[in-house]
Number of protein chains: 2
Amino acid sequence: MTVTAPVAETAGAAVPDLSRLSLNTATTKAWTLEQAVVGAVAAGLPAVGLWRDRVAEAGLERSAQIVRDAGLRVSSLCRGGFLTADDDAGRSAALEDNRAAIVEAATLGTSEVIMVVGGLPAATGPNRPPRPGGDKDLVAARGRVADRIGELVPFAAEHGVRLVLEPLHPIFAADRAVLSTLGQCLDMAAPYPAETVGVVVDTYHVWWDPQLQEQIARAGREGRLASYQVCDWNQPIAADPLLSRGFMGDGFIDFPTITRWVAEAGYTGDVEVEIFNQEIWDAPGNQTVATMAERYTELVRPYL
Amino acid sequence: MTVTAPVAETAGAAVPDLSRLSLNTATTKAWTLEQAVVGAVAAGLPAVGLWRDRVAEAGLERSAQIVRDAGLRVSSLCRGGFLTADDDAGRSAALEDNRAAIVEAATLGTSEVIMVVGGLPAATGPNRPPRPGGDKDLVAARGRVADRIGELVPFAAEHGVRLVLEPLHPIFAADRAVLSTLGQCLDMAAPYPAETVGVVVDTYHVWWDPQLQEQIARAGREGRLASYQVCDWNQPIAADPLLSRGFMGDGFIDFPTITRWVAEAGYTGDVEVEIFNQEIWDAPGNQTVATMAERYTELVRPYL
């Protein structure tokens, strides 16, 4: 979403400007949706990014109410996707689930549904006899994603919701997302209106991409830059690579540079901090939110 | 290298055609260079890809002699590179080491030196106080690689050796190679003659790349496709991701498709099997070579 956030009225030399900082609920995994909302408000944050499991737990209408009552923006809903099944039952189930996500987003008051599109059937499908060749066909899997995005577009448009394609780090190409670069996502989005299919820049997933600067600029030019999510690339890689995300500054990502590119592309929306990391999950939520606000203030905010 | 290999004279319906299969010595890590040569000959292979540590162990001249006496081709020498140091001493040491690799390749009778270009100074440099920002500058690190390739080109050309840029999987962008895609390598090679700067397609590193087909075709068109290395992408990722390589067929890579692209690009050289994998290293070398020949015969050779 593109919100031109006013500078917090209390902002001064010593008060950090958190007026575009959003807490993604995955970062404080131990918190319920309500606790995350309370924690965000207490820390002076204006927005939250919500995961569907937390919303389901609290109930959809109640979640919307909690966020509204707290006066927070919902920067995105995570997530739709998983569109690569190569059988009819899998395709139908995925489309139905994505339509549900679209309705949830509209109800929660966000226009942005983050789409993690799914991996190869060979790596993600039901337990069935191996079919050598066919279910490792990456080109075909990408084709199915394109087709199913096309099928979802009218429903998303009716609900005023944007399907936000997320390129995932190539380490996840087999089992989680056959979309691996921002350029590839923009190519897939191209046939559709910018207000219905967008892209997200998540630093963890795209920091290595040699075309990153030009593709961020293109996303801005095309009006598709729907979300900016930040966290660091930690090494050594965690046993589950999903959990190798860290606080900005703890890994190897050059946040000032990438943030400048995002700003130059005209992005004026919220900046979500989304970290999966067992050690951070084990720490008290308020401490996590305080650290993320500090790192944002040091490494991201000055370059926005 | 581009060798038009004759079909083995013994080839028939039941005899596999191994006339383009090369054993990279990293695959049989427990073997000395001499053992690898003996093993390759015993299995009917016409070529080996050599690692410099094994060559150093046996001695350069003696290694050359062993390979020559066995009648094998040397499909490549692994490896030069590690060019990203941001200090003068690091730069000088790297250039010196790469000139040594070039001389070794010429002595061993291969024109192809595989270049793993190195990672961020923040992840690879000597133990020194952290310098936030500067040494995570990926754009600058890539610029240093480009400059140093330029410095090495005349020396390589004098020796009839080609610097073969290797894109590494983005999982290694921080600590091992700031070149992450084939297209990026081709862009970096562009200022130089095709016989002096080339690229390698290693399936493990590039299988996920949405631009793979077009960039392989481009590499062929530009005469820069210097080596084709095959192994699979295994999951779950090994604790050391370097060791997550597997026999073709054990992971998620679509070998028929990628091999077809390589063939369509006009590649007529050897196909090296290069696997780092603890379990495979712990098995007897002859068994490893037999399995790699079987998998090559099933998943690669028919599509060349």
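Order of the sequence lines fixes the chain letters, A, B, ..., with proteins taken first and strands second; residue numbering starts at 1 for each chain. Scope of the values below: all heavy atoms of this structure, side chains included, with no hydrogens, waters or symmetry mates.
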Do any N or O atoms from the side chain of A:Lys136 and from the backbone of B:Gly251 form a donor-acceptor pair under 3.5 angstrom?
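Present.
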Which residues pass the ring pair (Phe, Tyr, Trp, His ring centres under 6.0 Å) test with A:Phe252, sequence neighbours left out?
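Expected list: none.
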Comparing A:Ala173, A:Gly249, A:Ala174, A:Gly119 against chain B, the one with the most heavy-atom pairs below 4.5 Å turns out to be A:Ala174
According to salt bridge (Lys or Arg N to Asp or Glu O under 4.0 Å), does anything in residues 196-216 of chain A pair up with another residue at least two apart or in another chain? List the pairs.
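Qualifying pairs: A:Asp202-A:Arg245.
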Counting only non-hydrogen atoms closer than 4.5 Å, does [X] touch chain A with its backbone (N, CA, C, O), its side chain (CB onward), both, or neither?
| X | value |
| --- | --- |
| B:Pro236 | neither |
| B:Leu299 | neither |
| B:Val139 | side chain |
| B:Pro170 | both |

Using every non-hydrogen atom in the two residues, find where B:Asp254 and A:Asp137 come nearest and quote the distance to one decimal.
OD2-CA, 3.7 Å
Residue pair A:Leu120 / B:Trp207: nearest heavy atoms and the distance that separates them:
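Taking A:Leu120 first and B:Trp207 second, the nearest heavy atoms are CD1-CZ3, 4.2 Å.
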Residue pairs passing the side chain to side chain donor-acceptor pair (under 3.5 Å) test with at least one member in residues 229-243 of chain B, sequence neighbours excluded, are A:Asp175-B:Gln235, B:Gln229-B:Glu272, B:Trp233-B:Gln235
Contacts with chain B made by residues 180-190 of chain A (heavy-atom distance under 4.5 Å), listed by residue number:
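Those residues of residues 180-190 of chain A which have a heavy atom under 4.5 Å from chain B are A:Ser180, A:Thr181, A:Gln184.
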Below 4.5 Å from any heavy atom of chain B, which atoms of A:Gln211 appear? Answer side chain, backbone, both or neither.
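Side chain only.
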To the nearest 0.5 Å, what is the distance between CZ on A:Phe172 and CD1 on B:Ile237?
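Going from the CZ atom of A:Phe172 to the CD1 atom of B:Ile237 covers 8.5 Å.
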